[in-house]
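Here the structure comes first, spelled out in structure tokens, and everything after it is commentary.
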Amino acid sequence: MSAAFQEIRHLKSLVGETVSLRGWVRNARTSKTRFIELRDGSGFVQCVVGANEADAESYETAGKLTQESAISLTGLVQQHPKTGEPEILVKSLQLLAPSVDFPITPKDHGIEFLMDNRTLWLRSKRQWAIIRVRHEIVKAIRDFFDTDGFTLLDAPILTPSSCEGTSSLFETDYFHEGMAFLSQSGQLYQEPGVPAFGKVYCFGPTFRAEKSKTRRHLTEFWMVEPEMAFAGLEDVMHLGERMVKFILQRVLEGRQEELKILERDTAPLEIALNETFGRMSYTDSVEKLKTLGSDINWGEDFGNDDETILMNATDRPLWVHRFPKSFKAFYMAFDPTQPDLALGADLLAPEGYGEVIGGGERASDIDYLLAQIEHHGLNRADYEWYLDVRRFGGVQHGGFGMGLERAVAWICKLPHVRETIPYPRMMGTLRP
RNA sequence: UCCGGUGUAGCUCAGUUGGUUAGAGCGCUAGACUGUUAAUCUGGAUGUCGGAGGUUCGAGUCCUCUCACCGGAGCCA
């Protein structure tokens, strides 16, 4: 940005000085004194155009501004007489580029209309706040792993076979190989990184062609997946808890303005940051659910209602661990003290947000893994490279995956994940 | 995929037991007025009533099919 122009985010320290700004008109209220809400991407500021303070031509221009016109202006930074926030007393103002009939007006709009106009919707204050919180969370995740000795090991997006089920894969032609699939998870590619680098993570988009239309599902979503050597279930839960707290701390420190725009009550986030997360075995949680009125039986996975019932009874994130092996992935290690249990854990977020992390200890015994591959009807030949992790110095290891959008939705307290990513991809949404 | 719901102006919606010329607010436009902040006030322009078919003297309204979207379920991060 040219040195001649200031960014709005710096105005607090420039009260009393004359500055030049450029940006877009969020709203203009025309009257004898004219008020322009200006945004430049770094923040928002009210600009006051008075007949006596501004030159005649600028005053005239200010009276005819339309929503989202691009302008530049010069004026004195002063404090708003009522709010005390910085505002600009304009001396001169120029129209840089007009904007005609901007579709997203200051009144209410339906979600379909807003999604159709997603590119323009991103200019709104609320979307601005959400995307900036998302950015903060992404940066916090990277900083957390980078400073904790993890090496970034990017997983491929085009893959020859599925990691989990085969029912939810996007397919594409791949030359002489025939079909390739968009990755559902980078995990299988992280495990070989364990003996190579000790601690690794990947963080990128993953794809699931599930025909699910809920507030918690996207067909393209971002996942961070760490994997550690010599790590059991306890280590995995400990790592996940530290990571979530690190994220919360960064957001609460650095994104107060955005959380305020979103009217996010930060008290629940502070509890999650400061208190130890709850822990409950699957078996205990089924018993608890029964006393709370659920009709769940041991051996069944939680329904959406079950997660809600369980989380209404607590004010902090909850680890649910040691699920029945039957509904978990083939690569999960089993509990030696109770072999029908998988050494897995899910982290449920409070306030109705449900599962944000899923992970656990991986099976390290090759014979067990071979049996699991057969039991799940998978093609062994596709997994030889994965089995090599066990053949050549296979040790205990584990990790987890966290869905970025679910974390963003929880931290921002959004009703739907579609607002947590700039361009959401869902069952019925491919454009813009 | 299943269950439920909604499609009317650029946007958000109202529209009675089927009845004559389809309404409001916002936005737009012309003006008034004011340290305003979803500003306010006065005037003005704006419609393939999602699409196709049917019932009827007559359909925005009833029926059938269809498309789109919304909410929920299952599945999952």
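Lettering of chains follows the sequences in order, A, B, ..., and the numbering in each one begins at 1.
- Within 4.0 Å (heavy atoms only), A:T214 reaches at least one base atom of the nucleic acid.
- Listed candidates were B:G35, B:A77, B:C69. Nearest to the side chain of A:V48 is B:G35.
- Base engagement by A:L218 is indicated by at least one non-hydrogen atom pair under 4.0 Å involving a base atom.
- Rounded to whole Å, the separation between the P atoms of B:U16 and B:A52 comes to 23 Å.
- Annotation: B:C75 and B:G10 have their P atoms spaced 43 Å apart (nearest Å).
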Give me, pair by pair, the N or O atoms of the protein and of nucleotides 49-51 of chain B that are less than 3.5 Å apart, along with how far apart they are.
none

*Intermediate values then yes/no, side chain to side chain donor-acceptor pair (under 3.5 Å), A:Q187 and A:Y331*: CA-CA 10 Å; A:Q187 189 213 310; A:Y331 50 71; 2.9 Å; yes
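- The aromatic rings of A:F323 and A:F327 lie perpendicular to each other, with more than 60° between the two planes, well past the 30° mark.
- Between the P atom of B:A68 and the CG atom of A:L430 lies a distance of 14 Å, rounded to the nearest Å.
- When only modelled atom types and interatomic distance are considered, A:Y201 and A:D146 share a side-chain donor-acceptor pair under 3.5 Å.
- Residue-level contact check: A:I357 touches the backbone only, with heavy atoms under 4.0 Å from sugar-phosphate atoms and none from bases.
- For the pair A:K328 NZ and B:C75 P, the interatomic distance rounds to 11 Å; values are reported in whole Å.
- Using a 3.5 Å distance cut-off with no hydrogens or angles, the side chains of A:S364 and A:Q396 do not pair a donor with an acceptor.
- Here, B:G27 and B:G71 have their P atoms 27 Å apart, quoted to the whole Å.
- Taking each heavy atom of A:R22 and A:D40 in turn, the nearest pair found is O-CB, 3.3 Å.
- At the heavy-atom level, A:R216 lies under 4.0 Å from base atoms of the strands shown.
- Among residues two or more places apart in sequence or in another chain, the ring pair (Phe, Tyr, Trp, His ring centres under 6.0 Å) test is passed with A:H217 by none.
- With sequence neighbours left out, the ring pair (Phe, Tyr, Trp, His ring centres under 6.0 Å) criterion links A:F246 to A:F144.
- When the salt bridge (Lys or Arg N to Asp or Glu O under 4.0 Å) test is applied to A:R126, the partners found at least two apart in sequence or on another chain are A:E419.
- Stems are defined here as 3 or more consecutive Watson-Crick or G-U wobble pairs with pairing distances under 3.5 Å; those involving RNA chain B are B:1-7 with B:67-73, B:10-13 with B:23-26, B:28-32 with B:40-44, B:50-54 with B:62-66.
- RNA chain B lies under 4.0 Å from no heavy atom of any residue of residues 127-148 of chain A.
- Going from atom OG1 of A:T66 over to atom CG of A:L95 covers 7.5 Å, rounded to the nearest 0.5 Å.
- Within 4.0 Å of A:T105, counting heavy atoms only, lie sugar-phosphate atoms of the nucleic acid but no base atom.
- No side-chain donor-acceptor contact under 3.5 Å links A:R123 and A:Q67.
- Nucleotides B:U6 and B:C13 have their P atoms positioned 13 Å apart, rounded to a whole Å.
- In this model, a side-chain donor or acceptor of A:H217 finds a partner on the base of B:C76 within 3.5 Å.
- A:G354 comes within 4.0 angstrom of no nucleic acid atom, judged by non-hydrogen atoms across all strands.
- Looking at residues two or more places apart in sequence or on another chain, you find a salt bridge (Lys or Arg N to Asp or Glu O under 4.0 Å) between A:E136 and A:R255.
- No donor-acceptor distance shorter than 3.5 angstrom exists from the side chain of A:T206 to the backbone of A:S185, with no hydrogens or angles considered.
- Looking at residues two or more places apart in sequence or on another chain, you find no salt bridge (Lys or Arg N to Asp or Glu O under 4.0 Å) involving A:R425.
- Across all strands shown, A:F221 has heavy atoms under 4.0 Å from base atoms, whether or not it also approaches the sugar-phosphate.
- Residues satisfying the ring pair (Phe, Tyr, Trp, His ring centres under 6.0 Å) criterion with A:F334, sequence neighbours excluded, are A:Y368.
- Mapping A:Q78 and A:L114 onto RNA chain B by nearest heavy atom places A:L114 at the nucleotide closer to the 5' end.
- Atom CG of A:D101 and atom P of B:U29 are 7 Å apart (whole Å).
- Smallest separation of non-hydrogen atoms from A:W319 and A:A345: CE3-CB, 3.8 Å.
- For the C1' atoms, the distance from B:C69 to B:U12 is 16 Å, rounded to whole Å.
- Contact of A:R406 with B:C76 (side chain to base): a donor-acceptor pair of N or O atoms is detected under 3.5 Å.
- Ring centroid separation for the pair A:W385 and A:Y189 comes in under the 6.0 Å cut-off.
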*Indicate for each nucleotide in nucleotides 36-44 of chain B, in 5' to 3' sequence, whether protein heavy atoms under 4.0 Å reach the base (B), only the sugar-phosphate (S), or nothing (-).*
BBBB-----
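- Among the heavy atoms of the strands lying under 4.0 Å from A:R418 are primed sugar atoms or P, OP1, OP2 only; no base atom is included.
- For the segment residues 293-306 of chain A, the set of residues with a heavy atom within less than 4.0 Å of an atom of RNA chain B comprises A:D301, A:G303, A:N304, in numerical order.
- Under a 4.0 Å N-O distance rule, the pair A:R316/A:E241 does not qualify as a salt bridge.
- In this structure A:K260 satisfies the salt bridge (Lys or Arg N to Asp or Glu O under 4.0 Å) test with no other residue, sequence neighbours excluded.
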